[in-house]
Amino acid sequence: MKYGIFSDVHSNLEALDAVLQCLEQKKVDGFISAGDLVGYGPNPNEVIWRIRNLSNLLIVAGNHDWAVAGFKELTWFNDFAARAIIWTKRQIKEDNRNFLRQLSRQVETSKFTVVHGSPRDPIDEYLLTEDIFKENLTSFDSPLCFIGHTHVPKVFCQTAAGNTETKNPGNEGKTKIHPEAKMIFNSGSVGQPRDGDTRTCCAVYDTDTEEITFYRVEYNFGLTQEKMKRCQLPIFLIERLSYGR
Ligand code: ZN
């Protein structure tokens, strides 16, 4: 089976469409998403609708999803994020809010686990360093875990011998999964990349070859920025799409 992997769409329809087109070309049979469908961007309803209609979808809740669902207080967020959440709550249709409300914190199969933040704190922890990776190793049983939340593509690995390493997946770079090793894979953010690259990102996980391939894809972020201006979303959130920061 081939899964399309994506995370942190954040209501960016242009970026999501670019990613879905890329994954369609790779002929994926299913999808894994590490959450944060909404927040920051101008198209929450359209993004949720697209994602709800994907076949064989495994998806978890992110911190922004929970805030829009009404499960999380705005005091957890910085001012820009909070303003975008308030705007999203006003826009969102009831059936889409209900979709966010029923998302799980964690999905587990024999091959992989999916969470937004980290295995030990699925909604909120930022898994940014190798030390935090090591602290999380006992919190998931499968060889592989998919995360999001940091908006930075990253691969953390503990080999069968117990050594740990961190690497950047790199465009079209392949990561091999070893059943006796443990790995956490962050495919980065579809709708708001923060690694200095403006392109959107996704990955393909092939369960037959046990390989993950990471992709960067150009999209028209100028159009997203125009829509954000019309919606009067915070200027800081609009401008950061030009820098991928
Ligand atoms: Zn996010």
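Both counts, for ligands and for their atoms, begin at 1 and track the order of listing. Note: hydrogens, waters and symmetry copies are ignored here, and every other heavy atom, side chains too, is used.
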Practice task
Give a yes/no answer: is there an N/O/S atom of His151 under 2.8 Å from the Zn ion (ligand 1)?
Solution key: yes
Exercise for the section: Go through the structure and list residues passing side chain to side chain contact (heavy atoms under 4.5 Å, CB included) with Pro234, not counting sequence neighbours. Expected result: Phe80, Arg83, Leu237
Exercise for the section: Establish, yes or no, whether a centroid distance under 6.0 Å links the rings of Phe112 and Phe185. Expected result: no
Exercise for the section: With the side chain counted from C-beta on, respond yes when Phe31 and Leu20 share a heavy-atom pair under 4.5 Å apart, and no when they do not. Expected result: yes
Handout entry: Angular separation of Asp36 OD2 and His10 NE2 about the Zn ion (ligand 1), given to 10°
Key = 90°
Problem - Atom of Asp8 closest to the Zn ion (ligand 1), considering N, O or S atoms - result: OD2
Exercise for the section: Taking side chain to side chain donor-acceptor pair (under 3.5 Å) as the test, write out the residues that go with Arg120, two or more places apart. Expected result: Glu125, Glu135
